[in-house]
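The figures here come from the full heavy-atom set of this structure, side chains too, leaving out hydrogens, waters and symmetry mates. If you read the sequence from its start, that first residue is 1, and numbering goes on from there.
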Amino acid sequence: MNRRQRAKTVIELEPRRATSTGTARAPTLDLEPDPLYGVALLKTALELKRRKDGTPEEILRGVLARMRLPEDEFRAWLSQQGELAKVLGGGGES
């Protein structure tokens, strides 16, 4: 083999394994949060700063509706964030 030539490495990939529906876990526990949740929080904060005529709850609902994000999933994610939920009026109190 010439010095300038590199040895070719061949990697064989394993075929994707099919998972049965009986052994699959709940998707809400395994999935990462939507990256748009942070954007929704930022937009909500900007709206809260700019508008003085709405409650934080109304403004949050409006932002989520415009971004077409599911409110219940967003609130579940928000409740995992702890103190942040209290700031937006989602309350940490259950």
Please check if Leu46 and Met67 belong to a single hydrophobic cluster, counting links between Ile, Leu, Val, Met, Phe, Trp and Tyr side chain heavy atoms closer than 4.5 Å.
no
As an exercise, state the distance from NZ of Lys43 to CG of Leu69, rounded to the nearest 0.5 Å.
9.5 Å
Are any of the side-chain heavy atoms of Leu64 and Thr44 separated by less than 4.5 Å?
no
Look at Arg68 together with Glu73 and state whether they make a salt bridge at an N to O cut-off of under 4.0 Å.
no
Using the ring of each side chain (for Trp, its six-membered ring), is Tyr37 parallel, tilted or perpendicular to Phe74, with breaks at 30° and 60°?
perpendicular
List the atom of Leu48, the atom of Lys52, and the distance in Å for their closest heavy-atom pair.
O-NZ, 4.2 Å
Using side-chain heavy atoms (C-beta onward) and a distance below 4.5 Å, is Arg75 in contact with Gln80?
no
Determine whether Val39 and Leu78 fall in the same hydrophobic cluster, where Ile, Leu, Val, Met, Phe, Trp and Tyr are linked whenever their side-chain heavy atoms lie under 4.5 Å apart.
yes
Do Glu58 and Arg61 sit within salt-bridge range, that is, some charged N less than 4.0 Å from a carboxylate O?
no
Could you state the interatomic distance from CD1 (Ile59) to CZ (Arg50), rounded to the nearest 0.5 Å?
9.0 Å
